[in-house]
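Here is the structure we will look at, set down as structure tokens.
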Amino acid sequence: MAAIEVKVPDIGDFKDVPVIDVLVKPGDTVKKEDSLVTLESDKATMDVPSPQGGRVKELRVKVGDKVSQGSVIAVLDAQEAAKIAQSDVPDNMLAPRTETRDAAAEPSASASDSKALAGAVAQQGARSVREALSSTLASLDADLHAEVLVLGAGPGGYTAAFRAADLGKKVVLVERYPTLGGVCLNVGCIPSKALLHAARVIADAAEMSEFGVSFGAPKVEIGKLRAWKDGVVAKLTRGLSQLAKARKVTVIEATGTFASPHSIEVQGKDGRKVISFDHCIIAAGSQSARIPGFPSDDPRLMDSTGALALDAVPKRLLVIGGGIIGLEMATVYDALGAKVTVVEFMDRLIPGADPEIVKPLARRIEKRYEKILLKTKVAKLEAVKEGLRATFESAEGGSAPAAEMFDRVLLAVGRRPNGARIGADKAGVTVNERGWIPVDRQMRTNVPHIFAIGDIVGEPMLAHKATHEGKLAAEVIAGMEHHAWEARTIPSVAYTDPEVAWMGLSEPEAKSRGIEYDKAVFPWAASGRALGMGREEGLTKVLFEKGTKRVLGAGIVGVNAGDLISETVLALEMGADAEDIGLTIHPHPTLSETIFFAAEMADGSITDLMPPKAR
């Protein structure tokens, strides 16, 4: 029989993806869906599974190589593959058939084939017995046992816990905060959006004076605003607590670290406890990144959690980092009256987004903020009585702005996964040098009964990615083995003013990968709804595959862009083309029409502007 080449399957629009780990070697025996190599793009870490069982005859890649769909990564021995394929047949399919067959017409299995099949089945059974025995022994020394233990109750964690409980599992959920929801709900996504809403109202009220409606200067009662923000969080956390109780999920308020492959040691207000488990889902999230040498013990140097506490509004605020978190907090403090300076090492704001959709935001905040310093870094931050003195350096080695004093500084230079903080080595779970835990398409780590989801498994670090991963992990644990990660894109949103949202392939990515495309950019200056809101600075941009006109990606900047991007995500997931969107009747006048108009531009049927071909 011929050798079987294992190729990189369809991985969406990714090309030239680096190989960061090779999980097998020649001579190893693998089963169907066993991971062979790990790839890491700028958006995700993914394992390439074996399409069938077999013995690895040859490896065609090494760490550092770059691969794309169709690249050969390994060669399997076909004879061994046939044998192992037999051993993968479920027990109920191995049962004798009841119908009568002509023995002469059926080829009989050789003695060697039968022995190989029996040996493989015995090996698989022994492995299952060892796994069950290990879990049972761990439970004997534990204070509590769970069929599924979830470490971390952020959006991914509580989703995983609730889904596992709905599927009949006994679930224990370990969370360090006194309330569920993790960083996102308690000190991240939700409180920031409450404050951003307040900022939006303040800005809208001020800007209405241009249209003949004037209000007095806003009177901001910080204590009352903070209490309202905290109330929003409390409503959601109470709801999660009730959902956990209704599902009979045991919640343990504590920090947890692995004690063994089947147990976790937790330390909380009730002291130390050991919890054993059959399966575990790691959802331990991430933490704000720090810069060595900065006065981290000075309360005037804030991370995002400190900024959301809203202790006071400084006269002058320096935001280090022009990404999503930094600019969202800048939006809040600018509206509340602070003079804001943003410093960003790269040559543009929100480096991960298409520059074209960031420009309208940049133009607006350049007029509002005190300064925006691009291609600049803070080389030194000194704590003095008067404030925090920042010394700047040019990222390109040229002249830099003079040092300045600020009342508060917000450090928003990204987040780091907590992979190195949970004692994963005691469970045998692999954690890479960046603190991420590699997983396969079913969220399974290198330890088969331990799964990982959310920020800790790789970028993008987004709550909506984590919730989908959490649900998937719970379903696989519950026996839905056919489920796997199949999302074609994960949308991103900066809830600035205006909002910036994008998904799929960006134009710079398409150019760098040599992907042919057509693009349509609809200016909101031609949108009746945008004009009626006094917010015509926005634009909607959609990329279409050349020839087929299928949606490849989209970017939107403008009011409520984060709510609008979902239509384009659905279009990409369903393989929709420009005509599909153009034939879908959108309500008028709405901002959602801008996606419709962009599709009509690509299709050449637009009437609200001159069609591209007629220009």
Side-chain angles (χ1 to χ4, degrees), residues 33 88 90-93 124-125 127-175 180-182 237-254 256 258 260-264 266 273-284 427 429 439-445 447-454 457 464-487:
E33 297 299 330
D88 285 338
D91 291 343
N92 63 339
M93 293 182 68
Q124 184 173 352
R127 185 161 52 245
S128 299
V129 170
R130 285 196 301 271
E131 194 68 35
L133 182 58
S134 176
S135 178
T136 301
L137 290 174
S139 69
L140 295 177
D141 294 327
D143 299 289
L144 183 65
H145 181 74
E147 290 182 308
V148 179
L149 184 142
V150 182
L151 181 60
Y158 72 70
T159 297
F162 292 175
R163 182 61 175 144
D166 290 346
L167 292 170
K169 296 295 184 180
K170 179 184 176 183
V171 180
V172 172
L173 179 58
V174 177
E175 169 57 44
L180 302 184
T237 55
R238 282 197 300 269
L240 290 178
S241 179
Q242 291 166 1
L243 289 171
K245 186 176 181 180
R247 287 180 162 93
K248 295 181 172 57
V249 172
T250 300
V251 177
I252 305 292
E253 181 189 341
F258 282 96
S260 75
H262 275 283
S263 65
I264 275 183
V266 299
K273 288 185 178 180
V274 174
I275 306 173
S276 61
F277 55 81
D278 298 333
H279 291 88
C280 178
I281 300 174
I282 303 170
V429 173
V439 294
D440 63 15
R441 291 175 63 240
Q442 293 184 318
M443 302 295 114
R444 192 181 271 110
T445 70
V447 180
H449 65 279
I450 299 179
F451 295 68
I453 62 170
V457 304
H464 44 279
K465 168 176 124 355
T467 57
H468 280 259
E469 291 172 340
K471 189 172 290 186
L472 170 60
E475 290 172 347
V476 172
I477 288 171
M480 301 180 183
E481 285 288 341
H482 61 289
H483 287 201
W485 182 263
E486 295 177 337

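A quick note: this is a predicted structure, and the numbers were derived from the prediction, not measured.
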Search all heavy atoms of [X] against all heavy atoms of [Y] and return the closest pair with its distance.
X	Y	result
V251	A244	CG2-CB, 4.1 Å
L173	G152	CD1-O, 3.6 Å
I453	G157	CD1-N, 4.0 Å
I281	A474	CD1-N, 4.1 Å
A466	G454	CB-CA, 3.7 Å
A161	V249	O-CG2, 4.1 Å

V439 side chain reached by F451 side chain, heavy atoms, under 4.5 Å: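 Of all side-chain heavy-atom pairs linking V439 with F451, none is under 4.5 Å.
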For [Y], does its backbone N or O pair with a side-chain atom of [X] as donor and acceptor, under 3.5 Å?
X	Y	value
T467	H464	yes
Q442	H483	yes
H449	F277	no

Working for side chain to side chain contact (heavy atoms under 4.5 Å, CB included), residues E475 and L167: CA-CA 8 Å; E475 290 172 347; L167 292 170; 4.0 Å; yes
Side chain to side chain contact (heavy atoms under 4.5 Å, CB included) evaluation trace for L472 with W485: CA-CA 7 Å; L472 170 60; W485 182 263; 4.0 Å; yes
With R238 via salt bridge (Lys or Arg N to Asp or Glu O under 4.0 Å) - residues at least two apart: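 Partners of R238 under the salt bridge (Lys or Arg N to Asp or Glu O under 4.0 Å) test: none.
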Approximate separation, where rounding is to 0.5 Å, of D143 CG and I252 CD1: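 With rounding to 0.5 Å, CG (D143) is 9.5 Å from CD1 (I252).
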Residue pair L243, L180: steps toward the side chain to side chain contact (heavy atoms under 4.5 Å, CB included) verdict: CA-CA 10 Å; L243 289 171; L180 302 184; over 6 Å; no
Heavy atoms of other groups near K273 NZ, more than 12 under 6.0 Å: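 No, because the 6.0 Å sphere around NZ of K273 holds 12 heavy atoms or fewer from other groups.
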Residues which pass side-chain hydrogen bond (donor to acceptor under 3.5 Å, both in side chains) with E469, listed by chain and number, not counting sequence neighbours: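 Scan of E469 (side-chain hydrogen bond (donor to acceptor under 3.5 Å, both in side chains), adjacent residues dropped) gives K465.
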Any side-chain donor near an acceptor of the partner, S276 and H145, under 3.5 Å: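 Distance-only check passes for S276 and H145.
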Residues in side-chain contact (heavy atoms from CB on, under 4.5 Å) contact with E486, at least two apart in sequence or another chain: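 For E486, the residues satisfying side-chain contact (heavy atoms from CB on, under 4.5 Å) (neighbours in sequence not counted) are R441.
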Test side chain to side chain contact (heavy atoms under 4.5 Å, CB included) applied to F258 and I450, step by step: CA-CA 11 Å; F258 282 96; I450 299 179; 4.0 Å; yes
Steps toward salt bridge (charged side-chain N to carboxylate O under 4.0 Å, His left out) verdict (R444, E481): CA-CA 11 Å; R444 192 181 271 110; E481 285 288 341; 3.5 Å; yes
